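Encoded as structure tokens, the structure appears first; notes follow it.
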Amino acid sequence: MSKKRSLILREVCNLIVPAVLLYAFYVQFHGDYGPGGGFQAGVIFAAAVILYALVYGREKTQQIFPASVVRYFISIGLLLYASVGVASLFMGGNYLDYNVLSHNPIHGQHLGIFLIELGVGITVAAVMIMIFYMLDEYASR
Amino acid sequence: MDINTIIDISLLTLLAITAVILLRLHNLLAVVLLSGIYSLLTAGLFVSLDAVDVAFTEAAVGAGLTTVLLLGAIAVTGREQSVTRHSRILPIAVTTITAAALIYGTLDMPKFADPNAPIHTHVAPRYIEKSGEEIGIPNIVTSVLASYRGYDTLGEVTVVFTAAIGVMLLLSGSRKSKSQNVKKNVDKNE
């Protein structure tokens, strides 16, 4: 996949990828107010990275998102999610009970949902990018 | 006939046509692309049912990423489905009996959009009436998914995590040690 793609493909990719990345963040952080959330945002983020990799090749993409780093983010997202639960245990609530995370229950809920959605987004994006890297590497082996 | 019914009927018709074509194809490349279209049509149906969150996921995952990942899988394994020679009677019998059991099961289900159906009288009213005060965010789907059912979502993320570990283990081995069959298919296509 290292051969150079056509000019039109590269220019369209340059136009689309930043917009898709921005949209992924919008879906991630606006999920409380509109449709979307961590899962969709992670997939959209990964889609942008994969589009870039399809056009510019895996080697160039891995200069920005190295496989060794992406691999850690698979666990970081899940750990973030689970540690929100542990944090609420330590602050006197049940596991994943966000009410106790802040001075009032509503703020606690907001904070908890924000963090766990972020965890979901990180894990899903990292998983999708990693699966694509592995498939591409396997196919070119 | 109002516009919603027309949209529903046309989407379902296209869905049925896509499914039948999918069954008859042997070229896996076309199968993957048609599955993407199938997912997109399903997403359209979810939108018409006002389930935008689900539609969003279906469009992004089913029509978008899965298609790319399956194309990647085809690049590794080969484009043509191997022809099966054994008898079709047993598969047809199993499918017919299962389908009949499933359709018989639907006879006991509440009618579509019945407000007295168990699913609408159990916890749903509580979510709709109280989530605004208890969670304080406008999207009830996010409230249910992230807070009321946070433990389930943790399980789902764990499933995604485990799947990724499985794929990484499967694909990280040396290619030469894989079965001859896979290698033969790839050689044929190159």
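Nothing here was measured: the structure is a model prediction, and the numbers come from that model. Chain A is the first sequence line, chain B the second, and so forth, proteins listed ahead of strands; every chain is numbered from 1.
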**Report entry** Structural part of B:Val141 lying under 4.5 Å from a heavy atom of chain A
**Finding:** neither

Requested in this report: Can you measure from CG (A:Leu54) to CG (B:Leu71) and round to the nearest 0.5 angstrom?
Outcome: 9.0 Å

Report summary line: Shortest non-hydrogen pair, B:Met168 vs A:Arg71, comes out as CE-NE, 3.6 Å

Query raised in the report: B:Val54, B:Leu145, B:Thr153, B:Ile140: which one forms the most heavy-atom pairs within less than 4.5 Å of chain A?
Result: B:Thr153

Report summary line: Bottom line for B:Leu154: the part with an atom under 4.5 Å from chain A's heavy atoms is both

Requested in this report: Give the intermediate values and the outcome of side-chain contact (heavy atoms from CB on, under 4.5 Å) for residues A:Tyr81 and B:Thr158.
Outcome: CA-CA 10 Å; A:Tyr81 197 140; B:Thr158 314; over 6 Å; no

Requested in this report: Is it possible for you to say whether A:Val70 and A:Leu51 belong to one hydrophobic cluster, with membership spreading through side-chain heavy-atom contacts below 4.5 Å?
Outcome: yes

Query raised in the report: Judged by atom type as modelled, is there a donor-acceptor pair below 3.5 Å linking the side chain of B:Thr142 to the main-chain atoms of A:Gly31?
Result: yes

Query raised in the report: Does a sphere of radius 6.0 Å around CG in A:Leu7 hold more than 12 heavy atoms from other residues, nucleotides or ligands, not counting ones at 6.0 Å or beyond?
Result: yes

Report summary line: Heaviest contributor of heavy-atom pairs below 4.5 Å to chain A, chosen from B:Val68, B:Leu69, B:Val52, is B:Leu69

Query raised in the report: Is B:Leu49 reachable from B:Val47 through a run of hydrophobic residues whose side-chain heavy atoms are each under 4.5 Å from the next?
Result: no

Query raised in the report: For B:Leu102, does the CG atom have more than 12 heavy-atom neighbours from other residues, nucleotides or ligands under 6.0 Å away?
Result: yes

Report summary line: Heavy-atom nearest pair, A:Glu117 first then B:Ala146, reads OE2-CB, 4.1 Å

Query raised in the report: Which region of A:Ile74, side chain (C-beta onward) or backbone (N, CA, C, O), has a non-hydrogen atom less than 4.5 Å from a non-hydrogen atom of chain B, or is it both or neither?
Result: both

Query raised in the report: With distance as the sole test, does B:Asn139 use its side chain to make a donor-acceptor pair with the main-chain N or O of A:Tyr33 at under 3.5 Å?
Result: no

Requested in this report: Flag yes if B:Leu45 and B:Ile3 sit in one hydrophobic cluster, no otherwise; membership is Ile, Leu, Val, Met, Phe, Trp, Tyr, and two members link when side-chain heavy atoms are under 4.5 Å apart.
Outcome: yes

Requested in this report: Measure distances from B:Glu156 to the heavy atoms of chain A and classify the residue's part below 4.5 Å as side chain, backbone, both or neither.
Outcome: neither

Report task. Flag the one option from B:Ile135, B:Val167, B:Thr57, B:Ile165 with the top tally of heavy-atom pairs under 4.5 Å to chain A. Result -> B:Ile135

Requested in this report: Measure across A:Gln109 and B:Ser147 and return the closest heavy-atom pair with its distance rounded to 0.1 Å.
Outcome: OE1-OG, 2.6 Å

Report task. Group every Ile, Leu, Val, Met, Phe, Trp and Tyr by side-chain heavy-atom contacts under 4.5 Å, then state whether A:Leu15 and A:Leu21 land in the same group. Result -> no

Query - Spatial distance of atom OH (A:Tyr138) from atom CG (B:Leu170) [nearest 0.5 Å] - result: 9.0 Å

Report task. Could you check A:Ile122, A:Ile116, A:Val120 and say which one makes a side chain to side chain contact (heavy atoms under 4.5 Å, CB included) with B:Val157? Result -> A:Val120

Query raised in the report: Is any side-chain heavy atom of B:Val160 closer than 4.5 Å to a side-chain heavy atom of A:Phe39?
Result: yes

Report task. Tell me, yes or no, whether the heavy-atom count around B:Ile119 atom CD1, taken from other residues, nucleotides or ligands under 6.0 Å, exceeds 12. Result -> no

Query - Per-residue contact mode, A:Ile106 against chain B (heavy atom under 4.5 angstrom) - result: both

Query raised in the report: Any donor-acceptor pair under 3.5 Å linking the side chain of B:Asp53 with the backbone of A:Pro35?
Result: no

Requested in this report: Starting at CG of A:Leu78, measure out to CZ of B:Phe161 and round the result to the nearest 0.5 Å.
Outcome: 6.0 Å

Query - Part of A:Tyr95 lying under 4.5 Å from any heavy atom of chain B - result: side chain

Query raised in the report: If you group Ile, Leu, Val, Met, Phe, Trp and Tyr by side-chain heavy-atom gaps below 4.5 Å, do B:Leu22 and B:Leu15 land in one group?
Result: yes

Requested in this report: Determine whether B:Phe56 and A:Val43 make a side-chain contact, defined as any pair of heavy atoms from C-beta on separated by less than 4.5 Å.
Outcome: no

Query raised in the report: Looking at side-chain heavy atoms only, is the closest gap between A:Glu137 and B:Leu171 below 4.5 Å?
Result: no

Query raised in the report: Which atoms of A:Met130 come close to chain B, meaning under 4.5 Å heavy atom to heavy atom: side chain ones, backbone ones, both, or neither?
Result: side chain

Report summary line: The interface call for A:Val84 against chain B, heavy-atom contacts under 4.5 Å, is neither

Requested in this report: Using a cut-off of under 4.5 Å on heavy-atom pairs, state which of A:Ile44, A:Val124, A:Ile113 scores highest against chain B.
Outcome: A:Ile113

Requested in this report: Return the minimal non-hydrogen interatomic distance between B:Val76 and A:Ala139, and the atom names on each side.
Outcome: CG2-CB, 3.8 Å

Query raised in the report: When you look at CZ of A:Phe73, are more than 12 heavy atoms from neighbouring residues, nucleotides or ligands closer to it than 6.0 Å?
Result: no

Query raised in the report: Would one find more than 12 heavy atoms of other residues, nucleotides or ligands at under 6.0 Å from atom NE2 of B:His122?
Result: no

